[in-house]
Amino acid sequence: MTVTTSRRAMMLGLGAMPLLAAAPLPPEARTILLRNAQVFDGTGSTRVPRNVRITGDRINAIATGDIPAEADATVIDCAGQTLMPGLTDAHWHMSAVQGVPWMGAGDAVAMALVFRDAERQLLRGFTTVRDTAGSVFGIKAAIDRGLMPGPRCYPSGAAISQTSGHGDPSPADIVPPALGGTAGGYQADGLTAVADGVPAVLAATRWQLKRGASQVKIMAGGGVTSAHDPIDVVQYTPEEMRAIVAAATDWGTYACAHAYSAAAVRRCLEAGVLSIEHGHSIDDAAAALMAEKGAWLSTQPFESGDNVLTAEQQAKASESISAGGWQVSVRLAKKHGVRVAFGTDLFSRTATSRTENTMLPRLGTIFSNAEVLRIATSGNCALFARSGRRDPYRAARLGVVAEGAWADLLLVRGNPLDDLRVLEDYERNLLVIVKDGVVHKNLLPG
């Protein structure tokens, strides 16, 4: 097994490096030829025999017949296994790793843990994530420049929250900035942005865009892991929420929003939010409104034990899914023709934690296997692309096996169109992992 990890020493002091201003390193003029593959292209429902050539970081030829390649090209005989796009996660927290301050890396050891987890994420076959709260801009830049291995990342930056909202973890006896207090903790580190009133939420949103956010995250309702907001509350007034959406729209991108209840979801939709994160307690009317507004349901197919919760958090989690949980909300979305994205929202991850590879096959109880695979590849990427010119990877297509697309590919032992569970044993069944034209794993004989 070959695993590519480069320049690990660069992680030290990374937070102080001006990586956002640096241009990405140009790809090497390398060629990879994948022969004798059964290709699932990320959009269809079948596999077809194809040969695929990668030059640099793009797919540049797909054919049923032989494809010429340079003498020094890397040639991989796929032996009739399934070649498909890399998987994606629409609700990820890149730095929510056990031993790291929540959604942020404050020292070199914490940063090393985040980079190690990013590599594990890539080796699980997830080549692109949308980070939905966290100060990960430097981490993303290091990965994009090839300094460290990890998935592509669409960062939201700080989650924008009202006082006593899902993104306000400060103790209740600390005077908030809105009342003359001083921002501290997560706010000072740029992990959350607590803002009240239209001028403040506009400033908080514009700050994230200034930092390089590809989309903006709003905390629009009560949360499971937050201490000061009951799960049923609706957060932000319509005026505040419309201001956040307007600021994102002015930059050509969109807002996603944490919301469980039907009331919170309706307020988000009326304000123009494009992506509802969670939505586990939506009702029929809210699902119909999502379809009318053209919004997405970014679901997380949670089961007990996916995240380790305190007793109080577990009680809030049970209340958040009182209407039936993700299965009910996804069935309502399917009934009304709402587009569904797949995310996980896993946190405090360890090497032995449950993974998104375990969560993804659960969608197979509602969708066909082909639909699930489309959701986790081209479907998620269609949502990511709604960030328009703020899309850091807009130079090529993601989530598909097509000429001109980014070379993010998995070679899977067996056929996930027949059995999604082959993706669960990723160490055995992901034979080859290519991201950005670089082979990060290859279990096949040379």
Side-chain angles (χ1 to χ4, degrees), residues 1 34-52 54 59 62 76-90 92 120-129 151-152 299-301 303 306 326-327 330 334 339-344 346 354-383 397-402 405-435 439-444:
M1 172 179 177
L34 297 152
R35 287 181 170 153
N36 190 25
Q38 294 289 325
V39 175
F40 167 72
D41 69 0
T43 66
S45 58
T46 59
R47 301 186 310 166
V48 292
R50 292 287 187 270
N51 298 317
V52 176
I54 298 166
I59 299 170
I62 302 174
I76 298 175
D77 183 357
C78 299
Q81 305 296 343
T82 302
L83 186 70
M84 62 175 287
L87 296 167
T88 67
D89 189 324
W92 186 246
R120 287 172 176 164
Q121 173 79 342
L122 179 60
L123 294 177
R124 290 191 289 265
F126 284 78
T127 55
T128 300
V129 299
R152 301 178 191 272
T299 191
Q300 296 74 44
E303 291 184 2
D306 287 342
W326 71 268
Q327 295 95 334
V330 171
K334 185 176 182 180
R339 289 169 291 187
V340 174
F342 164 73
T344 58
L346 297 172
R354 289 184 184 172
T355 68
E356 53 276 83
N357 305 70
T358 301
M359 295 177 73
L360 179 61
R362 297 172 189 168
L363 293 180
T365 61
I366 297 174
F367 298 104
S368 70
N369 290 355
E371 288 173 323
V372 173
L373 293 176
R374 289 197 296 268
I375 287 170
T377 55
S378 62
N380 274 0
C381 291
L383 172 58
R397 296 175 68 191
L398 278 172
V400 294
V401 183
W406 292 115
D408 296 356
L409 300 167
L410 308 177
L411 185 67
V412 183
R413 187 195 309 272
N415 187 355
L417 288 167
D418 292 335
D419 185 0
L420 293 170
R421 291 173 300 176
V422 300
L423 299 171
E424 293 184 20
D425 189 357
Y426 57 90
E427 292 182 321
R428 177 179 184 271
N429 292 331
L430 296 186
L431 299 170
V432 177
I433 298 174
V434 178
K435 182 235 167 179
V439 178
H440 288 270
K441 175 182 177 181
N442 184 4
L443 295 183
L444 297 178

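These numbers come from the heavy atoms of this one structure, side chains and all, not from hydrogens, waters or symmetry mates.
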Undergrad: Is there a side-chain contact between N415 and Q38 (heavy atoms, below 4.5 Å)?
TA: no
Undergrad: Taking E371 for the side chain and S368 for the main chain, is one N or O donor matched with an acceptor at less than 3.5 Å?
TA: yes
Undergrad: Could you tell me the separation between the OG1 atom of T127 and the CG atom of D89, rounded to the nearest 0.5 Å?
TA: 11.0 Å
Undergrad: If you apply the rule side-chain contact (heavy atoms from CB on, under 4.5 Å), what do you find for L360 with V372, and how did you get there?
TA: CA-CA 8 Å; L360 179 61; V372 173; 3.6 Å; yes
Undergrad: Output the distance between atom CG (D425) and atom CZ (R413), rounded to the nearest 0.5 Å.
TA: 8.5 Å
Undergrad: Please find the pair of heavy atoms, one from V340 and one from I375, that lie closest to each other, and give the distance.
TA: O-CG2, 3.5 Å
Undergrad: Mind listing the closest non-hydrogen atom pair of T377 and G42 along with its distance?
TA: OG1-O, 3.5 Å
Undergrad: Rounded to the nearest 0.5 Å, how far apart are CG of D77 and CG of L34?
TA: 10.0 Å
Undergrad: Per the side-chain contact (heavy atoms from CB on, under 4.5 Å) rule, which among T46, L410, L83, L373 passes with F40?
TA: L373
Undergrad: Of all the heavy-atom pairs spanning A402 and I59, show the shortest one and how long it is.
TA: O-CB, 3.5 Å
Undergrad: V412 and L431: which non-hydrogen atoms are nearest, and at how many Å?
TA: C-CD1, 4.4 Å
Undergrad: Would you say that S378 contacts R397 through its side chain, given a criterion of any heavy-atom pair below 4.5 Å between the two side chains?
TA: no
Undergrad: I need the T299 OG1 to I366 CD1 distance, nearest 0.5 Å.
TA: 8.0 Å
Undergrad: Is the backbone of N36 close enough, under 3.5 Å, to the side chain of N51 for a donor and an acceptor to pair up by distance?
TA: yes
Undergrad: Return the OG1 to CG distance between T88 and D408, rounded to the nearest 0.5 Å.
TA: 10.5 Å
Undergrad: Can you check whether V330 reaches F367 side chain to side chain, under 4.5 Å on heavy atoms?
TA: yes
Undergrad: How long is the span from the CZ atom in R362 to the CH2 atom in W326, to the nearest 0.5 Å?
TA: 8.0 Å
Undergrad: Would you name the heavy atoms of N357 and F126 that are closest together and state the gap between them?
TA: OD1-CE1, 3.8 Å
Undergrad: Cationic tip of R152 within the cone over W406's six-membered ring, i.e. under 6.0 Å and within 45° of the normal?
TA: yes
Undergrad: So with a 6.0 Å cut-off around CZ of R339, is the heavy-atom count from everything else above 12?
TA: yes
Undergrad: Locate the shortest heavy-atom distance separating G414 from Q81; write the atom from each residue and the value.
TA: N-OE1, 2.8 Å
Undergrad: When you measure from the side chain of K441 to the backbone N and O of E427, does any donor-acceptor pair fall under 3.5 Å?
TA: yes
Undergrad: Would you check if F342 and N380 make a side-chain contact, meaning some heavy-atom pair closer than 4.5 Å?
TA: yes
Undergrad: State, with a plain yes or no, whether a side-chain heavy atom of I62 is found less than 4.5 Å away from one of V39.
TA: no
Undergrad: Are T82 and L417 packed together at the side-chain level, in the sense that at least one heavy-atom pair is separated by less than 4.5 angstrom?
TA: no
Undergrad: Closer than 4.0 angstrom, basic N to acidic O: yes or no for D41 and R50?
TA: no
